[in-house]
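The analysis underlying the following values was restricted to heavy atoms, covering all of them including side chains, and did not include hydrogens, waters or symmetry mates. Letters A, B, ... are given to chains in the order of the sequence lines, protein chains preceding strands, and every chain is numbered from 1.
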Number of protein chains: 2
Amino acid sequence: MAGRRPTLDDVARAAGVHKATASRALNPETRNQVKSETAHRITVAARRLGYVPNTLARGLRTSRSTAVGVLVPDLTNPLFPPIVRGIQDRLDAHGYTALLVNTDNDEARERAQFAELASRRVDGFIVATARRQHPLLAEAAERGTALVTVNRTVELPGTPAVVGDDADGVAQAVAHLRLLGHTRIAHLAGPQSVSTGAVRLRAFLQQAGPAGGAVVECAGYTEQAGRAATRRLLDQCPGTTAVLAGNDLIALGALAELAARGRRCPRDLSVVGFNDMPFADRFQPPLTTVRVPHHEMGVQAAQLLVELLTGPQTIARTVVLPTQLVVRDSTAAPPPPL
Amino acid sequence: MAGRRPTLDDVARAAGVHKATASRALNPETRNQVKSETAHRITVAARRLGYVPNTLARGLRTSRSTAVGVLVPDLTNPLFPPIVRGIQDRLDAHGYTALLVNTDNDEARERAQFAELASRRVDGFIVATARRQHPLLAEAAERGTALVTVNRTVELPGTPAVVGDDADGVAQAVAHLRLLGHTRIAHLAGPQSVSTGAVRLRAFLQQAGPAGGAVVECAGYTEQAGRAATRRLLDQCPGTTAVLAGNDLIALGALAELAARGRRCPRDLSVVGFNDMPFADRFQPPLTTVRVPHHEMGVQAAQLLVELLTGPQTIARTVVLPTQLVVRDSTAAPPPPL
DNA sequence: GACTCCACTGCAATCGTTCGCAGTGTTCTG
DNA sequence: CAGAACACTGCGAACGATTGCAGTGGAGTC
């Protein structure tokens with residue numbers, strides 16, 4: 001082992017001052033309180049001893065950990081790495097550190113992880129696991145916990161959020177399909193318990209008009225659920241020529257079901273995804289999808305939380321980031337009717 | 001704000017005991033030291049007050065943070081989420097928390113992040129950014145820091161590591177190509193400064209025999225570097241009918257260059273990747289590649305580190321996990337010679 | 001009945017910081 | 001030259017837990 005790490009007291013002794021002075025000299029905020037000559041001597045001593053401040057001790061004293069908890073459903077879902085990366089980048093810039101946990105959409109697990117983060121005295125939370133109704137978040141907000149949701153929203157007035165402009169994305173997608181000549185457009189809706197599922201569905205219904213298109217709700221934002229939903233859709237509405245998927249994974253499921261039936265995309269069915277996940281352009285076929293600026297979403301969420309933590313009293317605002325349809329090869333004109 | 005959180009002293013007072021007793025009652029390790037009736041009373045009081053232990057304070061006293069630092073180059077690289085997830089899963093099971101940072105292959109940034117983690121007094125490190133020569137890791141090892149590398153190794157005797165059996169993977173890939181009839185097999189080698197690049201190249205040279213195949217080293221494990229290397233390869237060795245890429249991203253770069261030249265995979269050139277990254281089966285064409293058990297790698301690395309931290313004195317061992325070729329559509333028999 | 005032993009609990013030091021307060025010495029003001 | 005203002009530094013009490021040590025009382029032993 002490394003032999004005890006040098007402490008502030010060691011540095012102080014080495015520089016011939018009191019630890020309080022050393023503390024002030026080493027902290028940029030208070031450095032001006034100490035004679036610059038002394039400060040320099042202390043800095044040198046600190047470097048020589050290889051002093052590394054103990055954030056735990058500091059946190060104990062100041063009751064601020066400069067750490068924030070980040071909750072995602074599953075890091076392995078390609079949607080989240082860019083978001084997390086954005087969060088980390090902005091958090092870093094402010095001297096905060098992210099504590100990242102996975103909840104696997106399991107409420108018990110989420111509570112356990114939340115408690116773990118609380119025990120580490122994180123200063124706030126960035127939550128990517130929000131459901132529209134979310135008791136845990138409600139309790140936290142109740143207690144005055146600093147809290148920002150990202151990608152999704154929770155139905156709690158006063159909770160800041162950063163989301164994509166899903167309604168506009170849906171509008172762009174539907175317009176694109178219309179322009180190609182599609183009239184029988186269906187929606188493979190995401191789970192309605194989360195805001196993205198609900199918002200995208202509502203926008204779809206609005207765009208599809210009173211006549212409406214078929215809607216099938218998926219059990220989850222997964223390839224498997226997407227495939228199952230597509231199966232139902234194709235069985236019940238064989239006339240469908242285009243589908244808007246709730247997200248890219250669902251779209252991937254649709255492609256899989258299509259392939260299994262020996263039908264082809266886009267010749268037999270046009271498919272539009274949502275998110276523009278990494279490598280969506282390399283799929284078979286390259287996926288037409290709505291791009292959501294995930295990295296930027298993470299950045300903004302972190303920014304919001306930091307402001308909440310440091311700012312005097314900021315207004316809880318929700319940031320809406322623009323989305324954009326990117327057209328690739330999974331959409332084409334509908335097949336001629338038989 | 002939430003009004004001060006209840007402390008151990010609050011719980012103790014509520015239960016009519018001393019905080020030391022409360023501490024013992026709440027800690028499973030020492031619970032048997034207190035009368036079970038008292039313990040129960042304390043537990044109840046704790047629950048009622050919503051007591052959450054302060055891990056920072058505990059860490060200060062015990063000089064163990066039950067947190068470990070995890071260094072990855074870039075979370076956005078699809079290789080790492082499964083590894084990180086594996087790490088987190090196993091760490092969780094032992095009550096540890098991961099502090100995840102990105103280094104972007106930048107030495108200065110890595111040092112800064114490392115220092116940040118050190119200041120949070122992590123109990124050890126899991127490093128996915130190891131280069132063969134790595135001064136930072138050497139210094140850390142020197143100081144007796146608990147340290148495990150994952151996916152890659154560092155040339156420091158006594159440093160535990162968890163890696164895939166790359167040599168065997170290469171052997172399988174080359175054998176597969178040979179069986180298809182290829183004789184002019186090239187290797188798009190990964191950077192030789194990291195162990196995976198070097199090991200895979202060595203294995204390739206060994207398999208290719210003294211005659212050898214063409215080798216081009218890529219500047220990095222990126223699509224862009226892979227594409228540039230492919231450009232050079234195709235220009236210099238037009239007779240090549242198959243390439244083994246250093247990893248999937250490089251393979252993706254090869255596919256891109258091929259497409260840009262109007263040549264097709266696998267008809268004109270067979271391509272084998274490495275890693276079997278998520279969605280490699282959905283690419284165009286679905287990628288033949290060597291599967292590396294990334295999640296399991298993470299699990300094992302975490303396990304190793306935990307043993308290192310808690311175990312009496314465990315022997316530093318390096319774990320090699322099996323790899324397996326998975327054949328998809330990016331490989332085929334070579335085109336007939338003109 | 002005096003002794004030991006044991007189960008249980010309290011006392012107080014400690015971990016490494018930060019920060020209010022007080023104590024220097026120096027300079028400025030009138 | 002007295003007094004105030006100021007710049008700088010030291011003192012010591014927190015922050016919230018853990019833990020060695022000591023104290024208490026009751027049960028067991030001979």
Side-chain angles (χ1 to χ4, degrees), chain A residues 2-43 45-46 49-67 95 118-123, chain B residues 2-43 45-46 49-67 95 118-123:
Chain A
R4 199 174 50 71
R5 286 200 102 101
T7 137
L8 196 52
D9 219 356
D10 297 331
V11 175
R13 228 187 322 272
V17 297
H18 190 267
K19 58 179 174 172
T21 309
S23 170
R24 287 188 268 256
L26 261 21
N27 187 335
E29 306 276 324
T30 50
R31 172 150 193 179
N32 56 349
Q33 295 177 23
V34 27
K35 187 164 32 166
S36 66
E37 184 191 349
T38 325
H40 182 254
R41 192 155 34 96
I42 294 171
T43 310
L49 295 183
Y51 170 70
V52 178
N54 186 329
T55 306
L56 275 56
R58 176 205 305 252
L60 180 58
R61 177 62 227 255
T62 61
S63 63
R64 295 188 43 230
S65 61
T66 58
S119 89
R120 294 191 183 269
R121 292 296 186 270
V122 293
D123 296 332
Chain B
R4 200 173 50 72
R5 286 198 102 100
T7 139
L8 195 53
D9 220 356
D10 297 331
V11 176
R13 228 187 320 272
V17 296
H18 192 265
K19 59 177 172 175
T21 308
S23 170
R24 287 187 268 257
L26 261 19
N27 187 334
E29 306 276 324
T30 50
R31 170 147 195 181
N32 56 350
Q33 294 177 23
V34 26
K35 185 161 41 163
S36 66
E37 183 192 349
T38 323
H40 183 253
R41 192 155 34 96
I42 294 171
T43 310
L49 296 182
Y51 170 70
V52 179
N54 186 329
T55 306
L56 274 56
R58 176 206 306 248
L60 180 58
R61 176 61 226 254
T62 60
S63 62
R64 292 187 46 229
S65 60
T66 59
S119 88
R120 293 190 184 270
R121 291 298 186 270
V122 293
D123 295 332

Protein-nucleotide distance (A/Arg5, atom CZ; C/dC15, atom C1'), rounded to Å: 15 Å

Compare the minimum distances between each of D/dT9, C/dG16, C/dG10 and the side chain of A/Val34, then state the nucleotide with the smallest one. D/dT9

Nearest 0.5 Å, please: how far is CG in B/Leu56 from CG in A/Asn54? 9.0 Å

Stem regions touching DNA chain D, defined by at least 3 consecutive Watson-Crick or wobble G-U pairs below 3.5 angstrom: C:1-30 with D:1-30

Checking C/dC11, D/dA17, D/dT9 against the side chain of B/Asn54 (C-beta onward), the nearest is D/dA17

Ignoring hydrogens and geometry, is there a side-chain-to-backbone donor-acceptor pair from A/Thr43 to A/Ala39 under 3.5 Å? yes

Please confirm whether any donor atom in the side chain of A/Lys19 sits under 3.5 Å from an acceptor in the base of C/dT17, or the reverse. yes

Within the 4.0 Å heavy-atom criterion, would you say B/Thr7 contacts the bases, only the backbone, or no part of the nucleic acid? sugar-phosphate

Please compare A/Leu60 and B/Asn32 by the position of their nearest nucleotide in DNA chain C and report the one closer to 5'. B/Asn32

Rounded to whole Å, CD of B/Glu37 lies from P of C/dT9 at a distance of 9 Å

Let me know the distance between CG of B/Leu26 and C1' of D/dG16, rounded to the nearest Å. 13 Å

Nearest 0.5 Å, what's the OG1-CG distance between B/Thr21 and B/Leu8? 9.5 Å

Can you tell if the side chain of B/Arg121 reaches within under 4.5 Å of the side chain of A/Thr55, non-hydrogen atoms only? no

Got a donor-acceptor contact below 3.5 angstrom from the B/Asn27 side chain to the B/Arg24 backbone? no

Contact class for B/Thr38 vs. all strands (heavy atom < 4.0 Å): base, sugar-phosphate, or nothing? sugar-phosphate

Within this structure, what is the CZ-to-C1' distance between A/Arg13 and D/dC11, rounded to whole angstrom? 15 Å

From the options D/dC11, D/dT9, C/dC11, select the nucleotide whose nearest atom is closest to the side chain of B/His18. C/dC11

Nearest-neighbour nucleotide for the A/Lys35 side chain, C/dG16, D/dC8, D/dA17 considered: D/dC8

May I ask you to verify if any side-chain N or O of B/Ser23 is less than 4.0 angstrom from the OP1 or OP2 atom of D/dA17? no

When rounded to the nearest 0.5 Å, the distance separating NE2 of A/His40 from NZ of A/Lys35 is 14.5 Å

Let me know the distance between CD of A/Gln33 and C1' of C/dG20, rounded to the nearest Å. 11 Å

Under-3.5 Å donor-acceptor pair between B/Arg24 side chain and C/dG10 base: yes

Under 4.0 angstrom, heavy atoms only, what part of the nucleic acid is B/Ser63 near: base, sugar-phosphate, or nothing? nothing

How long is the straight-line distance from OG1 of B/Thr38 back to CD of B/Gln33, given to the nearest 0.5 Å? 13.0 Å

